[in-house]
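The structure appears right after this line, and notes come after that.
Quick note: numbers below take in every heavy atom, side chains included, and nothing from hydrogens, waters or symmetry partners. Chain A is the first sequence line, chain B the second, and so forth, proteins listed ahead of strands; every chain is numbered from 1.
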Number of protein chains: 2
Amino acid sequence: MLKVSRKKQKAETRQKIMDATAAELASGRSFDTLSLREVAKLAGIAPTSFYRHFHDMGSLGLALIEQHGETLLTLMHHVREQASGRHSLIRTSVETLFDYNFANQGMSRMILLESMSRQSIFREAAQTMFTTMSRDLAEFLVWDAKKRGVPLGHPQLAANSMVAILFTTGIALLNTSAEDRSRHVEAAIVQLRMIMRGAEAMGQEARNHDPV
Amino acid sequence: MLKVSRKKQKAETRQKIMDATAAELASGRSFDTLSLREVAKLAGIAPTSFYRHFHDMGSLGLALIEQHGETLLTLMHHVREQASGRHSLIRTSVETLFDYNFANQGMSRMILLESMSRQSIFREAAQTMFTTMSRDLAEFLVWDAKKRGVPLGHPQLAANSMVAILFTTGIALLNTSAEDRSRHVEAAIVQLRMIMRGAEAMGQEARNHDPV
DNA sequence: AATTTCAGCGTACAATTGTACGCACAACTG
DNA sequence: CAGTTGTGCGTACAATTGTACGCTGAAATT
């Protein structure tokens, strides 16, 4: 089949809309100032053609968040598998996440922003992505601590803190000049290590107070 | 003077605009979907009268952020002065901040959101408020640690983490049902303590490696 | 008392918005 | 090959936007 099938053509146009939107988000625009007509123009289609792919701008937003979240989660898994056994897993994870953030600025910002909006239809979707990552990290922390024979206090809370720091500094990085960037990355790594130390200290304490 | 002076009258109208905007933000609207006409209607004035007080919506936003930041900073100072010497300064600070956040939902959300936007004219203002609070807290942490005779590693980074957690969970609280709220507050407190432990552990380490 | 100032209003207009409606034409189905 | 399907387009319209312009009446100044 050299002729483009209808399904494929439609999928391509759909992706063209999503890509155009993501690009515009990356340039600094906030999602809710983006009009349907503008997106259509950016995607190179007629305003009314938009409706052939999304019911409204809300559906487009949800699709964007979903696609981004899936990619990010599998990426982090991949990093852990590969880096497992290396000396600095924290560093590689952080750098990978930040690189991904940087390559997908618009979406990263949108997700963090929308997760904190109030009546946003995206809030739930964004928060789900958030807690998924957090739980995932907590699970990994426990596994890793057990491997090292170090007790860990409140692993889920530690993971929450870490994810919070990762995302906030991740976004802050996007507004930072290139020369300051590595300094911020190093700072974030120290902050994560600090949390690890705290969790270990609390785990140690719990063991002393409540010996096995 | 029973007659209302012109200056006073103008100041009142100006505040009426700001209050109406803050109220609308609190109900979940994002600032950049708010139109000048809408704000004017909410404040009970004609659209064109808006210009007598602000040059445009941007000026209004800046005025809102500035006013909020000042109030918040003096509030936190006040808490520290009052609670100084008590057993749980962390707890009182956290609860005060969260209460203030709750009472000023719209503004709290807006500041956090705008600090992470990109080409927003508010970003700088919001970030300034952010770093001011962070530096302020770091200074206090050092002072407090010295008083207790405990060395602290990376106090500024510890403060950064704390502020990040305070703000993110502070916002998250606004989207939380009343019965879950106290549970989240307790979690935040543990997270802050964890960071303190981490900082102390790192301070201890530095002392051992690099004895005085 | 006469004059100036200025907050607030109403009208007006060009842009931009979401979307309803119907047509065209290429891809599919039988 | 004839018929159906459905993507994409152009037109059209009512709402809403920011803001320019000129007026009014009361407070402030002289």
Of the nucleotides D:dC9, C:dA27, C:dT5, which one has an atom closest to the side chain of B:R6?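 So the nucleotide nearest the side chain must be C:dT5.
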When you get a sec, tell me which of C:dG18, C:dG22, C:dG8 is the closest nucleotide to the side chain of A:Y51? C:dG18
Protein-nucleotide distance ([X], atom [atom1]; [N], atom [atom2]), rounded to Å:
{"X": "B:F50", "N": "D:dT19", "atom1": "CZ", "atom2": "C1'", "result": "12 Å"}
{"X": "A:R52", "N": "C:dA26", "atom1": "CZ", "atom2": "C1'", "result": "14 Å"}
{"X": "B:I17", "N": "C:dA7", "atom1": "CD1", "atom2": "C1'", "result": "11 Å"}
{"X": "B:K41", "N": "C:dG8", "atom1": "NZ", "atom2": "P", "result": "18 Å"}
{"X": "B:H55", "N": "D:dG18", "atom1": "NE2", "atom2": "C1'", "result": "12 Å"}
{"X": "B:E38", "N": "D:dG18", "atom1": "CD", "atom2": "C1'", "result": "14 Å"}
{"X": "B:K10", "N": "D:dA28", "atom1": "NZ", "atom2": "P", "result": "13 Å"}
{"X": "B:D56", "N": "D:dT17", "atom1": "CG", "atom2": "C1'", "result": "15 Å"}

In plain terms, say whether A:D19 and A:K16 are close enough for a salt bridge, that is, a side-chain N and a carboxylate O under 4.0 Å apart.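 Looking at A:K16 together with A:D19, the answer is no, because their closest N to O distance does not fall below 4.0 Å.
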CD1 of B:I65 to OG of B:S115, rounded to nearest 0.5 Å, is 9.0 Å
Base of C:dG10, side chain of B:T48 - is there a donor-acceptor contact under 3.5 Å?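 By the distance-only test, yes, there is a pair.
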Confirm from the modelled atom types if B:R37 and D:dT19 form a donor-acceptor pair under 3.5 Å, side chain to base only.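 Check passes, donor-acceptor contact within cut-off.
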Indicate the ring-plane relationship of A:H68 and A:Y100, choosing parallel, tilted or perpendicular according to the 30° and 60° boundaries. tilted
Would you mind telling me which residue lines up with the more 5' stretch of DNA chain C, A:K7 or B:P47, judged by nearest nucleotide?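 Of the two residues, B:P47 wins.
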Start with the C-alpha gap between B:R80 and B:D144, add the side-chain angles, then the distance that decides, and say whether salt bridge (charged side-chain N to carboxylate O under 4.0 Å, His left out) holds. CA-CA 11 Å; B:R80 283 181 205 150; B:D144 187 62; over 6 Å; no
Within the pair A:T13 and D:dG8, is there a side-chain N or O less than 4.0 Å away from OP1 or OP2? yes
Return no unless some side-chain N or O of B:S35 is found under 4.0 Å from OP1 or OP2 of D:dT17.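 Yes, within the criterion.
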Applying side-chain contact (heavy atoms from CB on, under 4.5 Å) between B:T168 and each of A:N160, A:T168, A:L112, A:I165, report the one that passes.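 So the option named by the test is A:T168.
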Given that B:L36 and A:A46 both sit by DNA chain D, which one's nearest nucleotide is further toward the 5' end?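 The residue mapped nearer the 5' terminus is A:A46.
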